[in-house]
Amino acid sequence: MHDRTTTGGGPSRRAGAGRPGGLGATGRGPVLRRRAFAAAMAALGAAAWLTAFPTGVTTPDPIRAPAAVPDAVRGRTAAAPRFLPVGAAAPSPAAPVLDREFADPDVVEVGGVFHAYATNVAGRNVQHATSTDLVHWTVDEKDVLPVPGAWVRPEAPHDVWAPEVFDNGDGFTLQYTARDRVGGRQCIGAALASTPDGPFRPAGDEALVCPTEEGGAIDASSYTENGTRHLLWKSDGNCCRLDTWLHIQTVSWDGTRVTGEPVRLLRQDRGWEGGLVEAPTLVKRDGRYVLLYSAGDYRTAAYATGWAIADTLTGPYVKGDEPLLTTTSFSGAIGGPGGQDVVTGPGGGDRILFHGRGADPSRRALYVADLGFADGRPVVRGSKTLYEAELARVNRATIREAKDAWGDRAVGHIDESGSFVEFRIYAASSGPHTLTVRYGNGSLDAAGAPAAATHGLTVNGAAAGVVDYPYTGWDAWQPREVPVELREGWNTLRLSKGERYTELDAVQVA
C-alpha cells in the first residue's frame, strides 16, 4: 500500500472417432478466444484451514458463465497470455517472514532500513517492525500511534486498521483507519512524526476522509506522480448493503488535507470478490497503471488479491480475468492472501508483501515474494500460473473440444515426430520451479493393456528431460509434476512427441 522421442507399439493411437473434429492442425495453433468461466472459488486449501475458516458460497459471475473452473487455474487468450503468478521464491513465500499477527502490512524504506506497519494487536493501535532484507524482522513492542485523533471513538479498543506511512519531506505521515466517535463509521485520519519509528501524533482534530453516506472510508494508500500526492481509499459500503468503490483523490504533500474531489476507479463486480473490494495499491510499470486490491471476507479462505490495469491514472481500469493471489494459487499453503503492499527490494527488484494464514490459521502472518510485470501485468513468484494448451503454439497436433478440460478444449494427436505444444511462460525471478502438466493418457500396449506414455521436454531450447505419464484413460485429466529451471522474464517450454500418446489440457508453473 506504500507510495509506489520414439513411438511405442500397439493399437492405442488417439483417433477422433466419435469425438468432435479438431480445431487446428499443423503449424501454429489458431488464436482462440476462451470461453468465459464462472467465478467459483473451489479447492481453497487444506481441510484443517477450511474447517477453521469456512468459505461460504460465492455467486457465479454472470459475464463469465457457463463453464466452472477454479479461479487459480483459468487461462488467457493466445494474443495476450493470461496467467496467474509464477514461480517459487527464495526464501519460499510459503513460509512467513514474520510469523505472528501482522495484518494489512505497509512498508517504507528509509536509509536502507525497511519499516513495516500493521493493523492493531494486543492493545497497540499500530504495529511496527524493521528489517534490512525484508526477510529477517525485529518487532518494535511499543505502539507507534499511542493516541489516535480526537475524532476517533474513545472506547477501547480503538480498532485502528490498515496503516499507510510515507516520507513527506519534513518527516513522516501515518494515515490510518478507525471508528468515528459521532456516527460509528470507519474513517481515515492522519498523524505526523519526525522519524519512521514514531511516535505519530494526530494532525488536527477531524478525520481526513469520512464519507458517512457511502458507509465510511478505509484502507488509505499513497501514490505520487509529477509532484502531486494522491490518496487511494475504499468506501466501506459493505457495512450497510452499498457498493464498495476504490477511489483516488489528490491531497496535500504531507497527506493531511484533501485538495481535490474523489474519483471512482472500480467496484466489486466479480463473483470471486465476494461482494467487496478493498486495500488498493497503485504502481506504474511498463507504461501502465497497475492497481492491486484485495477482495472478499478477510476471515475466510476466499480472501484474495486481484489486479486491474489502465493507461491513465484515473482509468478506466480493466480487471484481470482472475485473481493474482489466492489460497489455491499457493496450493493451500497460504490462506486468504491479501492486504498487499509493493516495495523495491534490496536488489532493486519489486517485492510484494502481504498477509496470509499459514500453519496457525488464527493469525495473519507476514509474507514476501518476488514481483514481476509482463507487459504491465503482475506476476508473483511462488503462486501457480496457468497456461492452457489450446492457447499455446501447436505444431502437427489438433485442438479439440474435450470433456472436463479446463476451458473445454485440449490438444490431441501429438502423434508425429514433429508434433509439439510450446508455451511462453513468464517468471518473476530466476531459479527452480515446478511444472505441473494436466494430461490424459489412454494408450494401450501391443497386448491391449493400459500403458504409460512420455513427452520430451525442452526449456529455452535446451533438453530438460522427459515427462512420464501414467495411464489415466482419455479425458480423465490428471496432474504430473516435474522440476524445471527458469530465467527471469519470458521462457519457452516445449512438450514434444515421445512414447505412445498423451493429450494436453494445460500446464501450471509454481
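Below, all heavy atoms of this structure are taken into account, side chains as well, without hydrogens, waters or symmetry copies. On a predicted model such as this, the values are computed, not experimentally measured, just so you know.
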Could you tell me the separation between the [atom1] atom of [X] and the [atom2] atom of [Y], rounded to the nearest 0.5 Å?
X: Leu435; Y: Arg480; atom1: CG; atom2: CZ; answer: 12.0 Å
X: Thr281; Y: Leu353; atom1: OG1; atom2: CG; answer: 10.5 Å
X: Thr502; Y: His455; atom1: OG1; atom2: NE2; answer: 5.0 Å
X: Asp133; Y: Phe114; atom1: CG; atom2: CZ; answer: 8.5 Å
X: Phe166; Y: Asp106; atom1: CZ; atom2: CG; answer: 10.0 Å
X: Leu282; Y: Glu225; atom1: CG; atom2: CD; answer: 8.5 Å

Taking the inter-plane angle between the rings of Tyr298 and Trp161 on a 0 to 90° scale, is it parallel (under 30°), tilted (30 to 60°) or perpendicular (over 60°)?
perpendicular

Using the ring of each side chain (for Trp, its six-membered ring), is His115 parallel, tilted or perpendicular to His128, with breaks at 30° and 60°?
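His115 and His128: parallel rings.
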
Working note: Thr472 + Gln478, criterion side chain to side chain donor-acceptor pair (under 3.5 Å); need CA distance, chi angles, decisive distance, verdict.
CA-CA 7 Å; Thr472 63; Gln478 292 294 323; over 6 Å; no

Indicate yes or no: at least one non-hydrogen side-chain atom of [X] is less than 4.5 angstrom from one of [Y].
X: Asn491; Y: Arg424; value: no
X: Pro470; Y: Tyr439; value: yes
X: Trp233; Y: Glu278; value: no
X: Leu495; Y: Ile414; value: no
X: Asp350; Y: Val283; value: no
X: Leu232; Y: Leu246; value: no
X: His355; Y: Tyr303; value: yes
X: Pro432; Y: Glu485; value: yes

Return the minimal non-hydrogen interatomic distance between [X] and [Y], and the atom names on each side.
X: Gly418; Y: Asn395; value: O-ND2, 2.8 Å
X: Ala405; Y: Trp477; value: N-NE1, 3.5 Å
X: Asp219; Y: Ala162; value: OD1-CB, 3.2 Å
X: Arg357; Y: Arg299; value: NH2-CA, 3.8 Å
X: Ala369; Y: Arg381; value: CB-O, 3.4 Å
X: Asp505; Y: Glu390; value: O-OE1, 3.7 Å

Check this for me: does any side-chain nitrogen of one of Arg400 and Asp475 sit under 4.0 Å from a carboxylate oxygen of the other?
yes

Taking [X] for its side chain and [Y] for its backbone only, find out whether a donor-acceptor pair lies under 3.5 Å.
X: Glu101; Y: Arg364; value: yes
X: Thr454; Y: Glu499; value: yes
X: Ser419; Y: Arg396; value: yes
X: Gln340; Y: Ala279; value: yes
X: Glu488; Y: Ser430; value: no
X: Glu164; Y: Ser222; value: yes
X: Tyr317; Y: Leu313; value: yes
X: Thr327; Y: Gly336; value: yes
X: Thr328; Y: Ser331; value: no
X: Thr436; Y: Glu481; value: no

Residues in ring pair (Phe, Tyr, Trp, His ring centres under 6.0 Å) contact with Phe354, at least two apart in sequence or another chain:
Phe330, Tyr367

Contacts of Phe102 meeting ring pair (Phe, Tyr, Trp, His ring centres under 6.0 Å) (sequence neighbours excluded), chain-then-number -> none

Check the pair Glu422, Thr492 against side chain to side chain donor-acceptor pair (under 3.5 Å), reporting the backbone distance first and the verdict last.
CA-CA 7 Å; Glu422 186 173 274; Thr492 300; 5.1 Å; no

Could you check whether Tyr387 and Phe423 have their ring centres less than 6.0 Å apart?
no

Worked verdict on Tyr469 versus Arg500 for side-chain contact (heavy atoms from CB on, under 4.5 Å):
CA-CA 10 Å; Tyr469 302 114; Arg500 299 187 177 88; over 6 Å; no

Quick one: list whatever passes side chain to side chain contact (heavy atoms under 4.5 Å, CB included) with Asp286, sequence neighbours left out.
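So Asp286 forms a side chain to side chain contact (heavy atoms under 4.5 Å, CB included) with Phe373.
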
Can you list the steps and then say if Asp99 with Arg363 is a salt bridge (Lys or Arg N to Asp or Glu O under 4.0 Å)?
CA-CA 9 Å; Asp99 194 10; Arg363 62 190 184 200; 3.1 Å; yes

Passes side-chain contact (heavy atoms from CB on, under 4.5 Å), Val437 versus Leu504? Steps please.
CA-CA 7 Å; Val437 183; Leu504 297 177; 3.5 Å; yes

What do the steps show when you test Lys234 against Leu276 for side-chain contact (heavy atoms from CB on, under 4.5 Å), and what is the final call?
CA-CA 10 Å; Lys234 167 211 172 181; Leu276 66 92; 4.2 Å; yes

For Val126 and Val165: C-alpha separation, side-chain torsions, deciding distance, then whether side-chain contact (heavy atoms from CB on, under 4.5 Å) applies.
CA-CA 11 Å; Val126 175; Val165 175; over 6 Å; no

Show the numbers, then the answer: is there a side chain to side chain donor-acceptor pair (under 3.5 Å) between Thr244 and Gln268?
CA-CA 6 Å; Thr244 57; Gln268 80 288 350; 2.9 Å; yes

